[in-house]
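See structure below.
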Protein chains: 2
Amino acid sequence: MSADTSSDDCEDTREAIMKATYRALRDNGTADLTIQNIADEFEKSKSLLYYHYETKDDLLVEFLGWLIDRNAEFLDSDDVETTVEFVEAMIPPEVDEERAGFRAAFVQMRAEAASDPDYREQFTLYDRLFRETLVELIERDIEAGRLRAVDVDALADVLLSTIDGAMLRYATTDDDVMPTTREGVDRLLASLRGDE
Amino acid sequence: MSADTSSDDCEDTREAIMKATYRALRDNGTADLTIQNIADEFEKSKSLLYYHYETKDDLLVEFLGWLIDRNAEFLDSDDVETTVEFVEAMIPPEVDEERAGFRAAFVQMRAEAASDPDYREQFTLYDRLFRETLVELIERDIEAGRLRAVDVDALADVLLSTIDGAMLRYATTDDDVMPTTREGVDRLLASLRGDE
DNA sequence: CGGGGCTGACTGAATATTCAGTCACCAATG
DNA sequence: CATTGGTGACTGAATATTCAGTCAGCCCCG
């Protein structure tokens, strides 16, 4: 009987704060991700951030979860049934401005994990989840005869590393590395199809 | 007749500052990379940092170049003659504590490039250099018959993305993704050897 | 009229940056 | 040789600035 879809000011505001944080991160980078910069992207006041979150760290922890969830959505929205579709969802052919900003934000948060244990834990879970998903897809492809029998773990790790690497390179260089990388992965997977 | 190997206080000091910055970054992360933390890793005084560099940003820009040069050295030190050796140099089998710290530092600097144009420019050049190197190695392998004829650009991009992705995942998760990724790449390259 | 959502002005601590001055060393000069 | 002046490396203390976090109180809706 609880009103789930009612106008929940609190949740709406928190969601708006997440979006503001996202914009501030995307445009300014982690180095300048200040409470003030977040507030500037937010329609309401800086003080309100402290009404909804204890500290800046609190806010950022929640934001990291939010960002990771958003990334996972790229897999659900398209229904991904095969390894090729997984790759296609993560290294899409078309240039998408919004997604470019998203990758910039994601990469910067992820790099923090190199020195922050809490972040690292989150990204470890994220990495395992994606890896497991990929392993299942590969196994299903092999069973269905869409893929030659291969070392599933090794292939999953290569694909995941390639996807993450393409994202890193895309976010941190001026060259568009996505199309060529994608073509290479396609050829690689094609060569692994059932033509023993 | 100019003394090239003379004791050059200035250059020695600047090198010491680079090393101190490296240690501060590796241990504290970009978020806590303060002038004070750098000074703590440095045997001389904090003021001296400002004697040798205009601002913190100045220092960091020089540091980025230094770090990138250091990374390139991994290729020169081992003499890399084939694609396989390139991969081996970038995804080495043995666990190396020092190199782990180096990767952590490198990834954190690189992520900054997502929002800082100066950093981005540096990493664009870095990426192109590595890509060119890889292209030449692949072409040489094909000519020598060590590799089947393939789309050189596509293969180079896949390998580079995989290497960068392995580094990112290694630096930001608790799982050691290197061995499995490396095995996968080895299998991939093996399947591309001259057995048409 | 009471309480939740919200604000602007403010504060203290952290941090970057400056600066006056020390010290070792060198070169020229009487 | 002894003195003088000059210079570059360096320091400690002071200053300027940024930034997370606080607080007293407003507004509006039930």
Side-chain angles (χ1 to χ4, degrees), chain A residues 1-3 6-64 108-109 112 115-116 118-119, chain B residues 1-64 108-109 112 115-116 118-119:
Chain A
M1 202 54 75
S2 72
S6 72
S7 66
D8 189 332
D9 274 8
C10 185
E11 280 312 308
D12 285 354
T13 304
R14 288 171 75 101
E15 176 68 15
I17 291 175
M18 292 296 102
K19 283 179 179 165
T21 306
Y22 162 67
R23 267 173 267 135
L25 173 60
R26 186 231 294 144
D27 299 341
N28 302 109
T30 24
D32 289 329
L33 188 62
T34 65
I35 287 284
Q36 188 58 58
N37 279 334
I38 296 172
D40 289 346
E41 296 289 339
F42 184 41
E43 51 178 350
K44 313 265 176 83
S45 77
K46 181 175 83 164
S47 313
L48 191 57
L49 301 177
Y50 285 97
Y51 180 78
H52 288 285
Y53 298 94
E54 289 274 314
T55 65
K56 186 190 178 189
D57 279 346
D58 260 21
L59 191 159
L60 255 36
V61 165
E62 176 136 334
F63 175 69
L64 179 55
Q108 291 185 76
M109 289 298 280
E112 296 282 291
S115 57
D116 183 319
D118 291 335
Y119 282 29
Chain B
M1 200 55 75
S2 72
D4 197 24
T5 56
S6 73
S7 64
D8 189 332
D9 274 8
C10 185
E11 280 312 307
D12 285 354
T13 303
R14 288 171 75 100
E15 175 69 16
I17 292 175
M18 291 297 101
K19 284 179 179 163
T21 306
Y22 164 66
R23 266 173 268 132
L25 173 60
R26 188 230 294 143
D27 297 343
N28 301 110
T30 24
D32 289 330
L33 188 62
T34 65
I35 287 285
Q36 188 59 57
N37 278 334
I38 296 172
D40 290 345
E41 296 289 339
F42 185 40
E43 52 179 350
K44 313 266 177 81
S45 77
K46 182 172 72 167
S47 317
L48 191 57
L49 301 176
Y50 284 96
Y51 179 78
H52 288 286
Y53 299 94
E54 289 274 314
T55 63
K56 185 190 177 189
D57 280 345
D58 260 21
L59 192 158
L60 256 35
V61 166
E62 175 135 337
F63 174 70
L64 177 56
Q108 289 182 77
M109 290 295 281
E112 297 281 293
S115 56
D116 183 318
D118 291 334
Y119 282 30

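In the text below, chain A, chain B and the rest are named by the order of the sequence lines, each starting its count at 1.
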Could you give the OH-to-P distance, from A:Tyr53 to C:dC6, as a whole number of Å?
12 Å
For A:Gln36 and D:dT18, what is the distance between atoms CD and P respectively, to the nearest whole Å?
12 Å
For DNA chain D, whose closest nucleotide is more 5', that of A:Lys56 or that of B:Ser45?
B:Ser45
For the side chain of A:Tyr51, counting heavy atoms from C-beta on, which of C:dG5, C:dT15, D:dT11 is nearest?
C:dG5
Between A:Ala31 and B:Glu112, which heavy-atom pair has the shortest distance, and what is it?
CB-OE1, 3.7 Å
Side chain of A:Leu48 only, please: which of C:dC6, D:dC10, D:dT22 is the nearest?
C:dC6
Of the nucleotides C:dT7, C:dC6, C:dA16, which one has an atom closest to the side chain of A:Ser47?
C:dT7
Is the shortest side-chain N/O distance from A:His52 to OP1 or OP2 of C:dG5 below 4.0 Å?
no
Between C:dG4 atom P and A:Arg14 atom CZ, what is the distance in whole Å?
16 Å
Looking only at heavy atoms, which two atoms of B:Lys44 and B:Thr13 are closest? And how far apart?
NZ-OG1, 4.2 Å
How close or far is atom P of D:dT11 from atom NZ of B:Lys46, stated in whole angstroms?
13 Å
Using every non-hydrogen atom in the two residues, find where A:Tyr53 and A:Glu62 come nearest and quote the distance to one decimal.
OH-OE2, 3.4 Å
Of the nucleotides D:dG12, C:dT7, C:dC6, which one has an atom closest to the side chain of A:Thr13?
C:dC6
Interatomic distance where CG belongs to B:Leu49 and C1' belongs to D:dT11 [whole Å]:
12 Å
Looking at the side chain of B:Tyr50, which of C:dG5, C:dT18, D:dC19 is the nearest nucleotide?
C:dT18
Please state how far atom CD1 in B:Ile17 lies from atom P in D:dT11, giving the value in whole angstrom units.
10 Å
Atom-to-atom span, CZ of A:Phe42 to P of D:dA20 - whole angstrom
16 Å
Find the distance B:Asp32:CG to D:dA20:P and express it as a whole number of Å.
13 Å
Looking at every heavy atom in both B:Leu25 and B:Met109, which two are closest together, and how far apart are they?
CD2-CG, 3.7 Å
B:Glu41/B:Asn37 under side chain to side chain donor-acceptor pair (under 3.5 Å): CA gap, chis, key distance, verdict:
CA-CA 7 Å; B:Glu41 296 289 339; B:Asn37 278 334; over 6 Å; no
